[in-house]
Protein chains: 2
Amino acid sequence: MIQKLQIQFDIDPELYSKNPDSSKLGRKIISNSISMINEMGFEDFTFKKLGLAINSPESSIYRYFVNKHMLLIYLTSWYWTWTEYRLAFATTNVASPLDRLDSAIDLLTQPVLIDDDISYVNEIMLSKIIFSESIKAYHTKDVDEENKKGCFKAYKSVVNRVGAIVLEINPDFKYPHMLISTVIEGAHQQKYFSEHLPELTDLTNEQNAITKFYKELVFSYLK
Amino acid sequence: MIQKLQIQFDIDPELYSKNPDSSKLGRKIISNSISMINEMGFEDFTFKKLGLAINSPESSIYRYFVNKHMLLIYLTSWYWTWTEYRLAFATTNVASPLDRLDSAIDLLTQPVLIDDDISYVNEIMLSKIIFSESIKAYHTKDVDEENKKGCFKAYKSVVNRVGAIVLEINPDFKYPHMLISTVIEGAHQQKYFSEHLPELTDLTNEQNAITKFYKELVFSYLK
DNA sequence: GCAAATATACTAGTATTACTATCGTTTATG
DNA sequence: CATAAACGATAGTAATACTAGTATATTTGC
């Protein structure tokens, strides 16, 4: 029998009170919160509703995360840790940095379409959450504190890794991090705009217009 | 005696319950909310606190705005209406579309530094709010409804106007709105990152790195 | 296989937020 | 100067975001 390899990440213990990966309830919290946030949006999602859905009291969920905001940070960290793994996989053994950057932009600007993991984390839904809600993870009054605790380490690491490819292509380039964070955040926003404020984008019939736009933008700048 | 011209905008009546510009209390609500949101951030700002600050009961503020979110939308609309006016002023009688786009990017990527209006709206503080909090005006579960009501008309109009300059430079360009909304939102975010998550940017000693970055990005793409 | 530790369930309760309602008084305006 | 509109004062509600305490399972270590 073929056993699919289950990806295991060590998420920084600062991000939770009790490791959700260490118990049945914890895993239920993660998988159900992903589908619930996806359905109703982060604002309408509450620990009370989650508790109802998994038949556990609110107070039990608080043992894992001090609040729903830390849960969102946990989910985003999981996503970026996983994405760095995907990036490494997609770019090793590719000699040309231009090709590697091209693959990286594909990964960063498109939501996940297939869930090839068999864990309790649905990666398609998680990536949707990242595209539509991740900005709420760091755009709050507590950013500085949370940043000190390392809440955004995984995201910064991804930006760094792709920024390094940019520097391989053009070692004198002054703004590698700005460029990559503009692409990532821009792609998330353009996707959101296309669904809710289409006048701020340019919807066409072509597939992957957002990816195409950011590739042209990046490569014309780097040449 | 020289009387400075006071700029008057008609803000869409859909955005308020009672026009704050029509009464003393209304103007106090606007000017005090701008300084309070600036000081404590939008999340910590409440109508109760505002009421205390201006010595009026919460319930009186609700007569002007159904909630604090609509007040934020009012403020952003005011800003974008004013910015379109500034754009028009900065670009009329400039023949070259390249020069006009250059001026437009200056306006869109830099916070306001001088308040030359003598009204109850402090434009320096308002522009700071736009840079740091405006994303919260449209990144909510109620976007679609609010969009239908016209809450984001002023913003879309600015994106359109600058997008039109892009098309003058390159009539075949496919993504004028994407490009401009990327610049605007990107500049806001990079400013925020530089203050809270500097690893996502490239802070240098140079002045106006963000403006420089987006100008290079845009003009290299359009050529 | 059983005691000790740990995890979870159940219930209750608090502070704050985001409103809504009512009514009396002040202020503007024709 | 009457009358409508605006504002102030007070009270109250539902929901959210927690915290506390105690009872009951479940795991684990010997």
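Here is the naming used below: chain letters follow the sequence lines, and residue numbers restart at 1 for every chain.
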Could you go through residues 49-61 of chain B and list every donor-acceptor pair under 3.5 Å that involves a side-chain atom there, pairing it with any protein atom two or more places apart or in another chain?
from	atom 1	to	atom 2	distance (Å)
B/Lys49	NZ	B/Asp44	O	2.7
B/Ser60	OG	B/Arg63	NH1	3.4

Taking atom P of C/dA7 as reference, at what distance in whole Å does atom OH of A/Tyr16 sit? 13 Å
Specify the separation, in whole Å, of atom CG of A/Leu71 and atom P of D/dA17. 13 Å
To the nearest Å, how far apart are A/Phe47 CZ and D/dT16 P? 14 Å
Tell me what A/Tyr62 touches on the nucleic acid: a base, only sugar-phosphate, or nothing, going by heavy atoms under 4.0 Å. base
Tell me, with the steps shown, if A/His69 and A/Glu146 meet side-chain hydrogen bond (donor to acceptor under 3.5 Å, both in side chains). CA-CA 11 Å; A/His69 187 241; A/Glu146 292 174 348; 3.0 Å; yes
Here the distance between atom C1' of C/dC19 and atom NE2 of B/His69, to the nearest Å, is 16 Å
Does the gap between the ring centers of B/Phe47 and B/Tyr62 come in under 6.0 Å? yes
Whole angstroms only, please: what is the CD-C1' distance between A/Glu58 and C/dT8? 15 Å
What N/O pairs connect the protein and nucleotides 3-8 of chain D at under 3.5 Å? Give each pair on its own line.
from	atom 1	to	atom 2	distance (Å)
D/dA6	OP1	B/Lys18	NZ	3.2
D/dC7	OP1	B/Ser23	OG	3.4
D/dC7	OP1	B/Tyr64	OH	3.1
D/dC7	OP2	B/Tyr64	OH	2.7
D/dG8	OP1	B/Ser56	OG	3.2
D/dG8	OP2	B/Ser56	OG	3.0
D/dG8	OP2	B/Ser60	OG	3.3
D/dG8	O6	B/Arg63	NH2	2.9

Rounded to the Å, how far apart are A/Lys48 NZ and C/dC10 C1'? 14 Å
In this structure, are over 12 heavy atoms from other groups packed under 6.0 Å from A/Lys128 atom NZ? no
Would you call the rings of B/Tyr175 and A/Phe213 parallel, tilted or perpendicular, where under 30° means parallel and over 60° means perpendicular? perpendicular
Neighbour count above 12 (heavy atom, 6.0 Å) for A/Glu206 CD: yes
Would you kindly give the CG-to-P distance between B/Leu52 and D/dT10, to the nearest whole Å? 13 Å
What integer distance in Å separates A/Phe45:CZ from D/dA15:P? 19 Å
